[in-house]
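These notes are about the structure you will find just below.
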Amino acid sequence: MLRVSGRFRHPKAEDCLVVKTDDYGIAVDDDVTPKKEIVSDANFLEELDLLLFPPVEKVLIEIFERARVPRLGGISSGRGWSSISTFQRCPYLWFRKFIEPLPASIFPAMEAAALAVGTIVHTFLAIYYTRMITPGYPFTPELVRDQLLLKANPDHVHEGWRVFLNYALFYQREEIMPLAVEYNLQDPRTGESCPYDLIAYFPTTIGDRLAGTYNIEHKSASRFDDNMLDGWSNDGEVIGQMMLWKRLGLHHKFGELRGTIVNLLGKQKEPQLYRTTVGANSWQVGQHEKDLRVWGAQMQHAVATGNFPRARAACIGRYGKCDLFEHCATNE
Ligand code: SF4
């Protein structure tokens with residue numbers, strides 16, 4: 001046997017595929033392990049789908065740019081809940097999303113249908129409520145739907161339209177005064193930011209929802225289970241919105257915040273609708289403020305020391321597999 005860097009090279013033999021061994025003669029090379037075929041038939045079809053239909057966000061940006069109208073529903077700038085919650089979920093995922101991103105080709109080729117439909121529904125809702133504030137706003141949901149159909153995946157566009165139309169018909173006589181749509185707020189001192197889908201005033205009390213100003217968060221969902229219907233009172237994004245509302249004095253502009261209404265739009269066969277209200281609790285806001293300072297320090301520490309451990313308990317979560325699942329599973 002020939003010595004190779006502390007390993008031994010196994011002589012070629014017809015009945016053995018081992019190439020290298022350690023001092024005990026145990027195979028250590030992995031060259032004989034066939035490479036995992038990553039591109040399955042399903043992935044191939046998904047890639048083909050992406051070639052045929054560009055991502056919905058890209059098409060929407062083009063539609064708004066062509067009309068020289070600011071994109072409604074764009075991504076907020078600054079340090080928002082998306083960054084913090086990603087770090088809480090998995091420091092390695094955060095590193096690969098926000099510090100040193102991997103090439104786009106590593107991510108699943110196909111645009112996730114749920115994400116695409118959610119983006120479309122958000123855009124239709126934003127236009128719907130913007131037109132209540134500015135009746136001459138140049139877009140209507142129908143116009144954007146028709147333009148989307150020229151380029152985006154029609155399955156996603158039709159599904160988004162079905163969900164939105166059900167909502168618009170159900171709430172068409174609702175007494176509501178929209179005050180701001182897609183309102184992006186950023187604390188210039190800390191960089192903390194959050195977007196508000198809709199800030200609105202309800203002039204009358206209905207059931208346990210008192211009259212007053214609310215922050216309304218739209219969510220589209222396929223299933224209305226207990227987590228989806230009742231899992232919002234601990235939601236970091238919702239509490240963060242209340243925190244910045246108070247800290248940046250939004251009550252001077254829009255009035256005292258009664259709470260957040262999570263506005264659920266179902267994608268079931270017969271689409272359901274549900275609203276749940278989270279009250280603005282000052283003790284929870286205080287806790288959140290303190291917690292965010294600690295999380296912020298941990299993020300800075302991770303960057304300073306270059307330590308971003310993989311949290312493998314989070315590889316499969318509420319919305320299925322992590323985007324980097326294959327990357328972490330195959331080392332590709
Ligand atoms: S697959 Fe798991 S370990 Fe890898 S980034 Fe995602 S959550 Fe972290």
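Since we're looking at a predicted model, the values are computed, not measured. Note: hydrogens, waters and symmetry copies are ignored here, and every other heavy atom, side chains too, is used. Order of listing sets the numbers, starting from 1, for every ligand and every atom in it.
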query = Does any donor atom in the side chain of Tyr92 or His327 lie under 3.5 Å from an acceptor atom in the other side chain?
reply =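 Side chains of Tyr92 and His327: pair found under 3.5 Å.
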request  = Output yes if Cys322 passes the N/O/S-under-2.8 Å test against atom 2 (Fe) of ligand 1; output no otherwise.
outcome  =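 Coordinating: no.
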Nearest non-hydrogen protein atom, atom 8 (Fe) of ligand 1 =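 Looking only at protein heavy atoms, the one closest to atom 8 (Fe) of ligand 1 is Cys90 SG, 2.4 Å.
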ask   = Does Phe308 share a hydrophobic cluster with Phe325, counting links as ILVMFWY side-chain heavy atoms below 4.5 Å and allowing steps through other members?
value =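 No: no chain of side-chain contacts under 4.5 Å links Phe308 to Phe325.
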Atoms in ligand 1 flagged as close to [X], the criterion being non-hydrogen separation under 4.0 Å:
X: Tyr92; value: 5 (S)
X: Ala314; value: 7 (S)
X: Arg310; value: 3 (S)
X: Phe325; value: 1 (S)
X: Leu93; value: 5 (S)

request  = May I ask you to decide if the ring planes of Phe87 and Trp295 are parallel, tilted or perpendicular, using 30° and 60° as cut-offs?
outcome  =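 Rings of Phe87 and Trp295: perpendicular, as their planes differ by over 60°.
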ask   = Any idea how Tyr129 and His218 line up, ring-wise: parallel (<30°), tilted (30 to 60°), or perpendicular (>60°)?
value =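 Tyr129 vs His218 ring planes: parallel.
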inquiry  = On a heavy-atom basis, I'd like to know which of Pro309, Pro91, Cys315 is closest to atom 1 (S) of ligand 1.
reply    =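 Comparing heavy atoms across Pro309, Pro91, Cys315, the nearest one to atom 1 (S) of ligand 1 lies in Cys315.
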key: Taking every non-hydrogen atom, the tightest pair across Thr123 and Thr119   =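 Closest approach of Thr123 to Thr119: OG1-O, 2.8 Å.
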ask   = Do the non-hydrogen side-chain atoms of Glu174 and Phe202 ever get within less than 4.5 Å of each other?
value = yes
task = For the pair Arg209 (side chain) and Thr204 (backbone), establish whether a donor and an acceptor sit closer than 3.5 Å, ignoring hydrogens and angles.
result =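 Confirmed, Arg209 side chain pairs with Thr204 backbone.
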Atom 4 (Fe) of ligand 1 to nearest N/O/S of Cys328 less than 2.8 Å = yes
